[in-house]
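In what follows, a structure is listed as structure tokens, so that the remarks can point back to it.
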Amino acid sequence: MRKHINIAIVVAISIAHYSIMGYLGYDPAPEYENLMAWSFALMVALWCLDDAKKYDFHRPYEFGAFIFFLWPIVLPAYLIHTRGWRGALVFLAFLFISLLPYISGWVSYYASPAYNKYGV
């Protein structure tokens with residue numbers, strides 16, 4: 001349960017930052033984008049390691065590193081292996097959650113006065 005809260009905190013901070021920056025008409029700094037991407041990958045890896053214990057999944061020693069560095073590739077394979085085709089829906093939920101900060105930034109930019117001033 002604690003891993004869900006950690007992921008929610010990382011995503012909430014990211015959504016707030018992207019929304020504020022989008023509303024002001026700025027792009028987020030590349031350093032911040034990297035920090036949030038690495039933080040999200042870390043939270044997904046920790047969640048996956050915790051989830052693998054619940055499903056009694058035999059994990060290789062480097063499983064956490066595989067998830068951390070290659071979560072868009074390894075996570076769907078793990079979820080489909082442990083949950084069947086319902087795992088694909090869980091992966092799509094993770095994918096949507098990872099894209100939520102970018103979507104909120106775009107929405108807040110197009111709703112802002114900065115878009116009316118500089119946009120089309």
Side-chain angles (χ1 to χ4, degrees):
M1 185 66 166
R2 202 169 131 240
K3 305 295 187 252
H4 298 284
I5 294 171
N6 292 341
I7 291 173
I9 289 171
V10 168
V11 172
I13 291 170
S14 216
I15 287 172
H17 184 265
Y18 276 79
S19 297
I20 292 168
M21 295 298 283
Y23 187 79
L24 296 175
Y26 299 117
D27 289 332
E31 295 86 6
Y32 179 79
E33 289 181 342
N34 287 335
L35 175 67
M36 285 296 112
W38 289 106
S39 298
F40 185 76
L42 178 64
M43 294 301 114
V44 169
L46 291 174
W47 175 86
C48 195
L49 287 173
D50 191 46
D51 188 68
K53 290 178 189 173
K54 284 194 290 190
Y55 279 89
D56 199 30
F57 178 73
H58 173 68
R59 309 174 303 282
Y61 180 72
E62 305 86 6
F63 184 67
F66 286 145
I67 294 291
F68 179 73
F69 290 112
L70 298 170
W71 75 267
I73 298 167
V74 179
L75 185 63
Y78 163 73
L79 291 171
I80 290 172
H81 180 76
T82 57
R83 291 168 173 80
W85 289 107
R86 288 182 299 144
L89 296 175
V90 176
F91 173 70
L92 289 175
F94 269 104
L95 196 59
F96 177 72
I97 290 169
S98 72
L99 295 176
L100 203 55
Y102 300 107
I103 294 168
S104 67
W106 291 332
V107 168
S108 65
Y109 172 70
Y110 289 119
S112 72
Y115 176 72
N116 295 331
K117 184 176 181 181
Y118 300 114
V120 177

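Position 1 is the first residue of the sequence, and the numbers go up from there. Quick note: numbers below take in every heavy atom, side chains included, and nothing from hydrogens, waters or symmetry partners.
- Heavy atoms only, all atoms of each residue included: Pro101 and Ser98 are closest at CD-O, 3.6 Å.
- Enclosure of atom CG in Asn34 by more than 12 non-hydrogen atoms of other residues, nucleotides or ligands within 6.0 angstrom is indicated.
- In this structure, Ile80 is not a member of the same hydrophobic cluster as Leu95, with clusters built from ILVMFWY side-chain heavy atoms closer than 4.5 Å.
- In this structure, the side chains of Asp27 and Met21 stay at 4.5 Å or more apart for every pair of heavy atoms.
- Closest non-hydrogen pair, Pro28 versus Tyr18, comes out as CG-CE2, 3.5 Å.
- Using cut-offs of 30° and 60° for the angle between ring planes, the Phe40 and Trp71 rings count as perpendicular.
- Taken to the nearest 0.5 Å, the CD1 atom of Ile15 stands 11.5 Å off from the CE atom of Met36.
- By the 4.5 Å heavy-atom criterion applied to side chains, Phe91 and Phe96 are not counted as neighbours.
- Tyr26 and Ile103 fall into different hydrophobic clusters, where Ile, Leu, Val, Met, Phe, Trp and Tyr side chains are chained together by heavy-atom contacts under 4.5 Å.
- Aromatic rings from Phe66 and Tyr78 are positioned such that their centres are separated by 6.0 Å or more.
- A single hydrophobic cluster is not seen to contain both Ile73 and Trp85; linkage of ILVMFWY side chains at heavy-atom distances under 4.5 Å, directly or through other members, places them apart.
- Within a 6.0 Å sphere centred on CZ of Arg59, other residues, nucleotides and ligands contribute more than 12 heavy atoms.
- Between Tyr32 and His17, the angle of the ring planes lies from 30° to 60°, which puts this pair in the tilted group.
- Contact detail for Gly64 and Ala45: the closest heavy-atom pair is O-CB, 3.8 Å.
- Taking CD1 of Ile20 as the start and OG of Ser112 as the end, the distance is 13.0 Å to the nearest 0.5 Å.
- Within the model, atoms CD1 of Ile7 and CZ of Phe94 stand 4.5 Å from one another, a figure rounded to the nearest 0.5 Å.
- The CD1 atom of Ile67 lies 9.0 Å from the CH2 atom of Trp47; values are rounded to the nearest 0.5 Å.
- Of all heavy-atom pairs spanning Tyr23 and Ala111, the tightest one is CE1-O, 4.4 Å.
- Taking CG from Leu46 and CG from Asp51, the interatomic distance works out to 12.5 Å, rounded to the nearest 0.5 Å.
- Distance check, rounded to the nearest 0.5 Å: CE of Met43 to CZ of Phe68 gives 9.5 Å.
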